[in-house]
Amino acid sequence: MELNPLRIDLADISLKGNFNSIDITKIKRLTQSEYDQLQLAKVESLEGYGCNDLSTGQTLLKNENGKIITIQIISDGEVSEYLLSYDRNGNLVDNLIVAYEDMVEYYSEVSSRINANEITVQTINYTYDEMDEDTDGRADTAVVRYKITPEFKFIND
């Protein structure tokens, strides 16, 4: 049996913001050259963030068909991680927020699990009732599943 050369098969990977484990003074920020090479100006949700806010994350897949990497936005009070895919020519194909953690009063958290060609993104939004100090608050949770196509697109499953 011959394998499809465009098959995506990533190992089981968990991504989540780890605000407490990041020393923002020691993070290597992106250079302007890296920013341009990664075509980050094309990612609408990164609008307003510059090289000083961005750091390379992980390379999850790299082969003759393209690559899938993560980049992080690290600023005072929040950490985000985006999944980016590129075709074999190095052109940006798609992007998806896969991790987020903030440290403000109304706390949100995004975490993801990637297994083979499936991405499960979980978003938790916590709300706190200041009137009722006996409770720890409430949380709304949403789970969205994506497939990574052979063309490195992230599509809703």
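Below, all heavy atoms of this structure are taken into account, side chains as well, without hydrogens, waters or symmetry copies.
In this structure, the side chain of Asp53 engages the main chain of Gly50 through a donor-acceptor pair within 3.5 Å. Between the side chain of Asp94 and the backbone N or O of Phe154 there is at least one donor-acceptor pair closer than 3.5 Å. Without hydrogens or angle criteria, Glu101 side chain to Ser111 main chain gives no donor-acceptor distance under 3.5 Å. Remark: the backbone N or O of Lys28 is paired with a side-chain donor or acceptor of Ser55 at under 3.5 angstrom. Formation of a donor-acceptor pair under 3.5 Å by the Asp102 side chain with backbone atoms of Ser108 is found in this model. Listed for the Ser85 side chain is no donor-acceptor partner under 3.5 Å among the backbone atoms of Lys153.
The shortest heavy-atom contact between Tyr86 and Phe152 is O-CD2, 3.2 Å. Annotation for Leu60 and Thr70: closest pair CD1-CG2, 4.1 Å, computed over non-hydrogen atoms. The shortest non-hydrogen separation linking Asn52 to Arg29 is O-NH1, 3.1 Å. Across Gln39 and Leu92, no two heavy atoms sit closer than the pair OE1-N, 3.0 Å.
Atom CD of Gln32 sits in a crowded spot, with more than 12 heavy atoms from other residues, nucleotides or ligands closer than 6.0 Å.
Each of Asn63, Asn65, Ile69 was checked for a side chain to side chain contact (heavy atoms under 4.5 Å, CB included) with Lys67, and the lone residue meeting it is Ile69.
Going from atom OG1 of Thr123 over to atom CG of Asp140 covers 11.0 Å, rounded to the nearest 0.5 Å. The distance from the CG atom of Leu61 to the CD1 atom of Ile68 is 5.0 Å, given to the nearest 0.5 Å. A distance of 15.0 Å separates NZ of Lys42 from CD of Glu47, quoted to the nearest 0.5 Å. Rounded to the nearest 0.5 Å, atoms CZ (Arg113) and CD (Gln122) are 10.5 Å apart.
Asn95 is not listed as a side-chain neighbour of Leu46, based on a closest heavy-atom distance of 4.5 Å or more. No side-chain heavy atom of Tyr100 sits less than 4.5 Å from a side-chain heavy atom of Ile73. Side-chain contact between Leu84 and Leu40 is present, with heavy atoms from C-beta onward closer than 4.5 Å. Put simply, the side chain of Asn156 reaches to within 4.5 Å of the side chain of Tyr146, judged on heavy atoms. Residues Leu83 and Ile114 form a side-chain contact, since some pair of their non-hydrogen atoms from C-beta on lies under 4.5 Å apart. Side chains of Lys147 and Glu118 form a contact here, defined as non-hydrogen atoms less than 4.5 Å apart. Looking at heavy atoms from C-beta onward, Val110 lies out of side-chain contact with Val98 at the 4.5 angstrom threshold.
Residues Val144 and Tyr82 share a single hydrophobic cluster, defined by chaining ILVMFWY side chains whose heavy atoms lie under 4.5 Å apart.
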task = Could you check Thr56 against Leu30 for side-chain contact (heavy atoms from CB on, under 4.5 Å), going step by step and ending with a plain yes or no?
result = CA-CA 7 Å; Thr56 55; Leu30 289 183; 3.3 Å; yes
